[in-house]
Structures are given as C-alpha cells and as structure tokens.
Protein chains: 2
Amino acid sequence: MTDINFSGPAGAPDSKGVEGAGAHSRDLRWDIIELLFFAYRDFVGDADHELEAFGFGRAHHRVMHFVHRYPGLKVADLLDVLRITKQSLGRVLKQLLDEGYIVQKTGNNDRRQRLLYATAKGEALVGKLAGLQTDRINRAVADIDPAGVETVRQFLRAMIDRDDPDKVLETIFGSGSKKPRE
Amino acid sequence: MTDINFSGPAGAPDSKGVEGAGAHSRDLRWDIIELLFFAYRDFVGDADHELEAFGFGRAHHRVMHFVHRYPGLKVADLLDVLRITKQSLGRVLKQLLDEGYIVQKTGNNDRRQRLLYATAKGEALVGKLAGLQTDRINRAVADIDPAGVETVRQFLRAMIDRDDPDKVLETIFGSGSKKPRE
DNA sequence: AAATTTATGTCAGTCATGTTGACATATCTT
DNA sequence: AAGATATGTCAACATGACTGACATAAATTT
C-alpha cells in the first residue's frame with residue numbers, strides 16, 4: 001500500500017543524482033540525460049510532422065539532409081554517415097530518386113560510383129524542414145549570448161565519437177585529429 | 001583506392017548556410033542541426049550497445065529510465081511521456097515485468113491504477129546505462145566551466161515544448177509556468 | 001587477357017517498434 | 001444501476017532497421 005501517486009517519491013530532479021544510494025552512485029547526470037531525450041524528441045518532431053504531408057519518414061529526411069549538405073556524396077559515404085545497410089538505404093533512396101528529390105550522376109574518375117545531388121525540389125523540402133528546426137533552435141538560444149551559443153556548439157561537438165569518423169565528420173572536424181581525447 | 005570526390009563540392013560546413021541561395025535563405029542553423037544528429041546518435045549508441053546483451057532495445061531503456069526516475073509512475077503517465085500507444089508500451093512493459101526489472105503495485109486511492117517501480121535488478125540495469133551516458137557527458141563538459149554547463153542545460157530546456165506538458169515535464173520545469181517563454 | 005575486387009543494386013525473409021481498431025475487466029463516479 | 005476511466009489484450013498492419021544471397025558494371029591486380 002504505498003500511496004505515492006507520483007508527487008511524493010522522486011519529486012524534483014536533482015543535478016547530480018544520489019537517491020537512497022549506497023555504494024556506487026558515481027554522480028550520474030540524470031538531468032542532462034533526460035533533457036537530451038526531451039529536446040531531441042521535440043526537435044525531430046518538428047520535421048516528422050511536416051514529413052507526413054509528403055509521405056516520407058525520418059529516414060528520407062536524413063538522406064535528403066546529407067545529400068543537400070554534401071553534394072556529390074557517394075552512396076558508400078552516405079551508408080557510413082547514416083550507419084545503416086545498403087538494403088535499408090536502397091528503399092528510401094529509390095523513392096527519393098523516383099519522385100525527383102535527388103539525382104545521381106556517374107562519377108567521372110570512377111564510373112561505378114553514383115554521386116548524389118539534391119534537385120530544386122529536394123532543396124525546397126530540406127530547406128523547409130531545416131526552417132522548422134532552426135525556429136526551435138533560435139527560440140532556444142534567444143536568451144543566450146554568442147559566447148554561450150559557442151559553448152553549446154562545443155558541448156555538442158564533444159558529445160560526438162571521434163574515433164572512426166566518416167567522411168562527413170572529417171569535414172565537420174577538420175580532418176587533422178583522429179584522437180578521441182581533447 | 002577510393003579517390004574521394006567528396007572534397008570538392010560542399011567543402012566545410014558554414015555556421016549560417018547561404019549556399020547558392022537566392023531569396024529565402026533565412027540563416028538556417030545547419031551546423032547545430034547536424035551536431036544534434038551526431039551527438040544524439042552517439043549518445044544513444046552507448047546504451048544501445050549494452051542493451052543488446054540483455055536482449056532489450058531502446059524502448060525498454062526508455063521505460064526503465066522513467067520508471068526509475070519517477071517511482072510510482074502510472075501507466076497513463078508513462079504513455080504521455082513516451083508518446084506511444086498502450087499496445088506498443090504493453091509489449092515492452094510485459095517483458096520488463098516478466099523478467100523482474102519492474103514491479104506493479106495497485107494504487108491505494110484508485111485501485112485501477114498500476115503504479116510502476118523498478119526492482120533492484122532494474123535499478124542495476126538503468127544505472128549501468130546511465131553510467132555510460134554520464135561518462136560521455138562528463139567527457140563533453142570537461143573543458144566547460146560550471147556556468148557553461150548551466151548554459152547547456154538552459155539550451156536543452158529551451159528546446160523542449162512546454163505547451164501540453166506531461167507529468168514528468170511538469171516536474172522538470174516547476175509545475176507553475178506553462179508559458180513557452182522563460 | 002583473365003581473374004579478382006569494388007561500388008552499387010536488388011530479392012527475400014526477419015525483427016523491433018510503432019500504428020489502428022475492437023473488445024474485456026475491474027474499479028471509480030454519477 | 002449506469003456510465004466513465006485505467007488498464008490489458010487480440011489481431012492486423014507500416015516503417016525502418018537487419019542478414020544473407022546474388023547480379024552487374026567497372027576498376028584493379030595478376
């Protein structure tokens with residue numbers, strides 16, 4: 001008969017969790033873990049809602065995003081970035097090609113390669129989605145000064161694995177350092 | 001010998017995209033959009049890897065996390081937080097109950113309710129996963145001073161929708177203000 | 001030139017996790 | 001007693017992952 005209807009037990013989240021903890025509490029960062037969950041949920045939710053109107057899903061968005069941002073991306077590079085199998089990519093890529101959001105061009109150095117480019121139609125879609133997400137980001141940084149925004153960028157960059165970077169990550173972090181320590 | 005055509009076209013990402021853009025460029029925040037994608041991918045990747053050993057997926061992790069953090073959570077509240085259907089929750093919750101990671105207790109005010117609690121076994125799992133993610137967060141904030149970390153928290157909080165908050169979000173943001181502005 | 005490797009595409013089947021719709025049961029509210 | 005609410009469950013389906021096998025064209029190696 002524990003009454004507890006939610007209000008009592010946990011209550012307000014603490015920055016460095018301790019709970020009834022005995023030995024190995026280690027100051028887990030529950031608050032940031034949770035904030036990341038909610039922030040990302042709502043962040044991708046912006047795009048998800050709009051994508052429905054096009055009959056597309058998140059997978060299509062991710063492909064469109066990276067093809068737009070890195071024109072001439074090879075299929076193999078895209079597989080590395082998205083970390084999915086070619087069979088999985090194949091389905092969404094085929095749809096995007098068929099419906100004219102992306103075009104392929106044969107590589108000139110290596111004619112086996114299919115370099116990917118967004119069409120005007122594709123640019124429009126990806127721009128619209130980025131606009132929604134940009135609105136949210138702008139709202140979020142409205143009360144943060146430029147140095148603070150740079151701190152946020154630094155945090156996000158430092159959250160990313162840097163061992164075994166794909167081509168896109170090499171571009172984001174100047175391709176010099178592959179060391180996981182900073 | 002992949003001779004990387006990749007380098008030419010897009011080149012380094014810019015903080016405020018302009019591209020060949022004509023009219024409506026609006027300073028989209030491509031850089032932060034992309035950093036969020038990679039940061040979250042690697043962040044959840046930590047847990048994903050560990051979960052495989054238990055035969056669980058992300059869905060199980062999310063349930064365990066919130067049940068642990070908010071002991072006595074009602075099934076209905078959990079559905080609100082996760083934003084999934086009861087049928088979808090039912091499957092993973094049943095597994096977690098059957099395998100002894102979570103227990104249910106009948107509400108004493110309302111005996112229809114099933115209040116959820118993590119068992120010691122459940123605490124151990126969720127703590128292990130939070131440990132992995134905490135390690136990543138600690139690495140990420142190692143070069144950021146306390147004020148900067150607070151800025152990161154502020155950013156993440158401000159990224160979250162505050163209209164229509166569920167019970168958990170009401171707890172996170174003191175339940176007073178439902179205004180989307182802070 | 002022939003053999004092998006690489007880049008890409010595709011068929012077939014499976015799994016995890018989400019969905020809708022319908023319905024059952026216990027319990028609380030009116 | 002009747003209705004609403006909290007939960008659970010059955011069945012069917014969609015999306016987006018997965019593995020494994022195989023096909024083709026083009027580059028590379030022998």
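Quick note on labels: first sequence line is chain A, next is B, and so on, each numbered from 1.
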Whole-Å gap separating P (C/dT6) and CG (A/Asn109): 18 Å

Gap between atoms NE2 and C1', on A/His61 and D/dG16 respectively (whole Å): 16 Å

Parallel, tilted or perpendicular for A/Phe56 and A/Tyr101, by the 30°/60° rule? perpendicular

Atom NZ of B/Lys74 and atom C1' of D/dT5: how far apart are they, to the nearest Å? 10 Å

In whole Å, I'd like the distance from the CG atom of B/Asp110 to the C1' atom of D/dA4. 12 Å

Base, sugar-phosphate, or nothing: which does B/Glu52 touch, judged by heavy atoms less than 4.0 Å apart? nothing

Rounded to the Å, how far apart are B/Leu82 CG and D/dT7 C1'? 16 Å

For a 4.5 angstrom cut-off between non-hydrogen side-chain atoms, does A/Val63 reach A/Leu78? yes

Does the protein touch nucleotides 18-24 of chain C at the base, only the backbone, or not at all? Give it as B, S and - per nucleotide, heavy atoms under 4.0 Å. BBBBB--

Between the side chains of B/Asp161 and A/Arg136, is the shortest nitrogen-to-carboxylate-oxygen separation below 4.0 Å, so that they form an ion pair? yes

Integer-rounded Å distance: D/dG8 P and B/Leu93 CG: 7 Å

Does C/dT6 have OP1 or OP2 under 4.0 Å away from a side-chain N or O of A/Gln113? no

Distances under 3.5 Å only, N/O to N/O: pair up the protein atoms with those of nucleotides 2-5 of chain C.
none

Separation of D/dA26 C1' from A/Lys105 NZ (nearest whole Å): 21 Å

Could you check which of D/dA6, D/dG8, C/dT10 has an atom nearest any side-chain atom of B/Val75? D/dG8

So A/Gly57, base contact, sugar-phosphate only, or nothing? Heavy-atom distance under 4.0 Å. sugar-phosphate

For the side chain of A/Gln104, counting heavy atoms from C-beta on, which of D/dT9, C/dG9, C/dT27 is nearest? C/dG9

Close side-chain approach of B/Lys167 and B/Asp80, heavy atoms under 4.5 Å: no

Over all strands shown, is A/Gln95 touching base, sugar-phosphate only, or nothing at heavy-atom distances under 4.0 angstrom? nothing

With the threshold set at 4.0 Å, does a side-chain nitrogen-carboxylate oxygen contact exist between B/Lys94 and B/Glu99? no

By the definition side-chain contact (heavy atoms from CB on, under 4.5 Å), identify the one residue from A/Ile33, A/Ile160, A/Ile32 that meets it with B/Phe43. A/Ile33

Tell me, please, which residues at least two apart from A/Asp135 pass side-chain contact (heavy atoms from CB on, under 4.5 Å). A/Arg139, B/Arg26

Evaluate the criterion side-chain contact (heavy atoms from CB on, under 4.5 Å) for residue pair B/Glu50 and B/Lys128; output intermediate values, then yes/no. CA-CA 9 Å; B/Glu50 186 67 27; B/Lys128 192 169 192 176; 3.2 Å; yes

Tell me the interatomic distance from B/Arg41, atom CZ, to D/dA17, atom P, rounded to whole angstroms. 13 Å

Nearest-nucleotide check on DNA chain D, A/Arg114 vs A/Phe56; residue mapping nearer the 5' end is A/Phe56

Would you please test B/Phe38 and A/Phe66 for ring-ring contact (aromatic ring centres under 6.0 Å, His included) and show each step? CA-CA 12 Å; B/Phe38 287 114; A/Phe66 286 108; 5.6 Å; yes

Under 4.5 Å between any side-chain heavy atoms of B/Arg162 and B/Leu169, yes or no? no

